[in-house]
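Here is the structure we will look at, set down as structure tokens.
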Amino acid sequence: MKTKSKKWYFIYIIFAVMLFPASYVSALDLEKVSQIVMPKDIYVGDPAEIHFSFESPESLLQEGVSLVTLHNDAHFFAGLVDDCSIKTMTLQRTNRYYVLVIQFVPWRTGNITIPAFDLCDMIPAESRAYDASVFVKLEPVTIASLAEKGGYTTLRPVFPPLLLPGTSYIVYVCVIVLIILCIIVVRILLHFHHIMAKMRSLITLMKYRHNAAGAVRELRKTSRLGTSVSESVVCERIEKTLRGYLSYRFAYPFESVTADRLSGCFTEDIMAGMISEEQLAGIEHLCALFARCDYIRFAQNSVQQPELQEHERSLLLTEAIGCIRFFEGGSNA
């Protein structure tokens, strides 16, 4: 049933167009019709507009409506898919004069004909004031060819990419930077093992510095202990802090080494007899500090208690910090 209705609908349109071969039917004034295509020269892919102007004795739009966007019937314009694409259609009114604007994009050269259509059917119902049919038949639109305009008969040869003014310097700089990076990468690969050894040495040195700073920080905490803490406890904390520092610094178990064995551990086990006089003096100073702390610790509860000199506690702590700085090469650990 629907197929039969569509058939009669198209027969009606063909009959109307054949009966009125002008640009429209209904009550439009033939003398007031004009069609303008913008731009004048249209090429494939360029957006273009058709301005179809006319005068109507009947008002096509509701009172107060001067501009309306028409329904773009995709089914009706389906036959134009290979020729062009209809983007928008608008109708503008100025008193009795109307301008139909069709925006489209052509896809082929030659003449493109938009089939006749009922203008009133495309006006939205809420804006429509005239219910009779007003068929519009536009003139064919000619799409020009760039090849014909330029007289080209064959494909032009491929041109190399053109550099913008000033970009050649940027290219040169990039090439130089790339060469420098390649040289750096090659040198890194050639000296990879040496660089890795340097990195490991640097990491080890940073760990030693962190170990020394932690020991100094612990000694300073000890110095802030009040008089309620005995001297033996202070000396024990000093020895424990120094033994922990030395064990990490020289990778040797100083926690279990007695004070009288400290000197032998340094000269025989750690430095293997290769020791300078300055280093020997520092080691002897450390041994004397440990001996003094041991004496205070273990003689505290004896019959003859050690007689502490004035400011003995602060003096021992200062000497302990000085020993750490000596082993770190005089740095402000």
Side-chain angles (χ1 to χ4, degrees), residues 155-224 237-259 261-290 317-333:
L155 293 176
R156 301 180 65 180
V158 179
F159 287 97
L162 299 177
L163 293 177
L164 296 175
T167 56
S168 57
Y169 299 104
I170 299 176
V171 174
Y172 296 149
V173 171
C174 292
V175 171
I176 294 173
V177 170
L178 183 61
I179 293 173
I180 294 174
L181 290 176
C182 291
I183 294 174
I184 293 174
V185 171
V186 171
R187 290 184 64 86
I188 289 175
L189 293 177
L190 291 176
H191 301 85
F192 180 76
H193 296 290
H194 181 68
I195 294 174
M196 291 302 298
K198 287 286 188 181
M199 291 294 294
R200 285 193 292 267
S201 177
L202 180 61
I203 293 173
T204 302
L205 181 60
M206 292 177 63
K207 290 181 179 180
Y208 287 161
R209 293 292 177 88
H210 180 73
N211 175 51
V216 172
R217 189 163 50 249
E218 190 65 28
L219 290 172
R220 286 173 178 167
K221 288 181 181 179
T222 304
S223 68
R224 290 193 291 269
R237 289 173 64 97
I238 291 174
E239 283 197 39
K240 183 178 179 181
T241 302
L242 288 177
R243 289 180 184 276
Y245 161 74
L246 293 172
S247 297
Y248 188 87
R249 181 64 175 79
F250 297 102
Y252 193 87
F254 281 100
E255 289 91 345
S256 59
V257 177
T258 59
R261 280 286 303 147
L262 284 174
S263 179
C265 292
F266 277 105
T267 56
E268 298 174 7
D269 298 338
I270 296 176
M271 298 183 180
M274 300 178 63
I275 185 171
S276 64
E277 293 182 0
E278 183 181 0
Q279 291 173 337
L280 183 60
I283 293 171
E284 290 178 351
H285 185 72
L286 176 67
C287 294
L289 176 63
F290 269 84
L317 290 167
T318 302
E319 290 180 355
I321 294 175
C323 290
I324 293 176
R325 289 176 175 172
F326 169 77
F327 287 113
E328 294 301 321
S331 63
N332 297 323

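Quick note: residue numbers are just sequence positions, from 1.
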Looking at [X] and [Y], what are the two nearest heavy atoms and their distance?
{"X": "Thr241", "Y": "Ala215", "value": "CG2-O, 3.5 Å"}
{"X": "Leu219", "Y": "Ile321", "value": "CD1-CG1, 3.7 Å"}
{"X": "Cys287", "Y": "Ser263", "value": "SG-N, 3.5 Å"}
{"X": "Ile188", "Y": "Ile195", "value": "CA-CD1, 3.9 Å"}
{"X": "Leu289", "Y": "Cys323", "value": "CD2-SG, 4.2 Å"}

Please work out which of the three classes, parallel, tilted or perpendicular, describes the rings of Phe327 and Phe266, given edges at 30° and 60°.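 Parallel, since the angle between the ring planes stays under 30°.
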
Whether Tyr252 and Phe254 hold their rings parallel, tilted or perpendicular, with breakpoints at 30° and 60°: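 Ring orientation, 0 to 90° scale: tilted.
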
Walk me through it: do His210 and Tyr248 pass the test side-chain contact (heavy atoms from CB on, under 4.5 Å)? CA-CA 11 Å; His210 180 73; Tyr248 188 87; over 6 Å; no

Do [X] and [Y] have side chains that get closer than 4.5 Å, going by heavy atoms?
{"X": "Lys240", "Y": "Glu218", "result": "no"}
{"X": "Asn211", "Y": "Lys207", "result": "no"}
{"X": "Leu246", "Y": "Val257", "result": "no"}
{"X": "Ile270", "Y": "Arg249", "result": "no"}

From [atom1] ([X]) to [atom2] ([Y]), nearest 0.5 Å:
{"X": "Leu205", "Y": "Glu328", "atom1": "CG", "atom2": "CD", "value": "8.0 Å"}
{"X": "Leu262", "Y": "Thr267", "atom1": "CG", "atom2": "OG1", "value": "10.5 Å"}
{"X": "His194", "Y": "Arg187", "atom1": "NE2", "atom2": "CZ", "value": "10.5 Å"}
{"X": "Ile176", "Y": "Leu181", "atom1": "CD1", "atom2": "CG", "value": "12.0 Å"}

Is the backbone N or O of Lys198 less than 3.5 Å from a side-chain atom of Ser201, with the two atoms forming a donor-acceptor pair by type?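 Here the side-chain-to-backbone pair does not exist.
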
